[in-house]
Amino acid sequence: TYGHYHYHAPPLCLLKTMGLPVPKNSSWWRFEGENAWPTSGPEVQVGWALDGAPIMGPFKAGVRTEKKLLDECHGAVDETGEYRYYLVPEAPYVPPCLRGAQLGKVENFRS
């Protein structure tokens, strides 16, 4: 959709440079799906959402994330009481919505 930033796949290069385990096969999404992802890995922050909450990689408390354990925005409250979004190993891979108030907006991204 024009004007809407979105991913068609998880940012594997970013995750790899941050030391996170990723699928070995580049066409994992076509044949293996979420089972291609390692079942464990470190919980690492990979970005910030526009509502100020951290976006974490695809591992929560050392275990591969599952959409059924997160809310509709791919988020959960951690052990410290902080709300965090998580990448998930199945579409949509990144958080599809925001839970908090939007703190800013992206403008002038096309010339």
Side-chain angles (χ1 to χ4, degrees):
T1 303
Y2 181 78
H4 293 272
Y5 186 75
H6 62 280
Y7 272 100
H8 288 275
L12 296 183
C13 290
L14 172 66
L15 298 176
K16 283 169 81 170
T17 61
M18 298 182 92
L20 294 167
V22 299
K24 293 178 181 171
N25 184 342
S26 63
S27 60
W28 65 271
W29 53 274
R30 290 183 63 203
F31 304 110
E32 301 171 76
E34 67 182 278
N35 293 326
W37 284 81
T39 57
S40 62
E43 186 169 335
V44 176
Q45 183 175 347
V46 298
W48 293 99
L50 285 176
D51 63 359
I55 301 174
M56 309 304 287
F59 302 99
K60 183 178 185 306
V63 178
R64 181 177 67 202
T65 56
E66 296 182 46
K67 284 198 309 189
K68 67 182 180 184
L69 301 176
L70 303 172
D71 66 20
E72 67 275 3
C73 294
H74 296 180
V77 176
D78 70 7
E79 63 279 348
T80 68
E82 180 179 22
Y83 183 83
R84 298 171 178 220
Y85 297 103
Y86 290 87
L87 301 181
V88 295
E90 58 182 299
Y93 305 101
V94 296
C97 55
L98 297 174
R99 294 283 294 188
Q102 188 169 322
L103 300 175
K105 61 182 181 175
V106 179
E107 294 182 294
N108 300 321
F109 55 89
R110 292 205 189 240
S111 55

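Counting from 1, the numbers follow the sequence of the chain as shown. Only heavy atoms go into these numbers, but all of them, side chains included; no hydrogens, no water, no symmetry mates. Bear in mind that the values here come from a model prediction, so they are computed numbers and not experimental data.
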[X] vs [Y] side-chain heavy atoms within contact, under 4.5 Å:
| X | Y | result |
| --- | --- | --- |
| Tyr85 | Pro54 | no |
| Pro23 | Trp29 | no |
| Thr65 | Leu87 | no |
| Lys67 | Pro92 | yes |
| Tyr86 | Leu69 | no |
| Pro42 | Met18 | no |

Excluding sequence neighbours, so at least two apart, what forms salt bridge (charged side-chain N to carboxylate O under 4.0 Å, His left out) with Glu43? Arg84
Partners passing salt bridge (charged side-chain N to carboxylate O under 4.0 Å, His left out) against Lys68 (at least two apart in sequence or in another chain): Glu66
Connected via hydrophobic side-chain network under 4.5 Å: [X] and [Y]:
| X | Y | value |
| --- | --- | --- |
| Leu14 | Leu20 | yes |
| Phe59 | Val77 | yes |
| Tyr83 | Trp48 | no |

Atom [atom1] in [X], atom [atom2] in [Y]: separation rounded to 0.5 Å?
| X | Y | atom1 | atom2 | result |
| --- | --- | --- | --- | --- |
| His74 | Lys60 | NE2 | NZ | 14.0 Å |
| Glu34 | Tyr93 | CD | OH | 10.0 Å |
| Leu15 | Thr17 | CG | OG1 | 7.5 Å |
| Arg99 | Asp71 | CZ | CG | 4.5 Å |

Check [X] against [Y] and note the closest heavy-atom contact, atom names and distance.
| X | Y | result |
| --- | --- | --- |
| Arg64 | Asn35 | NH1-CA, 4.0 Å |
| Pro95 | Cys73 | CB-O, 3.4 Å |
| Leu98 | Ala49 | CD2-CB, 3.9 Å |

Can you list everything that forms a ring-ring contact (aromatic ring centres under 6.0 Å, His included) with Trp37? Sequence neighbours excluded, please. Trp28
Just do the side-chain contact (heavy atoms from CB on, under 4.5 Å) check on Val94 and Ile55 with the steps written out, would you? CA-CA 9 Å; Val94 296; Ile55 301 174; over 6 Å; no
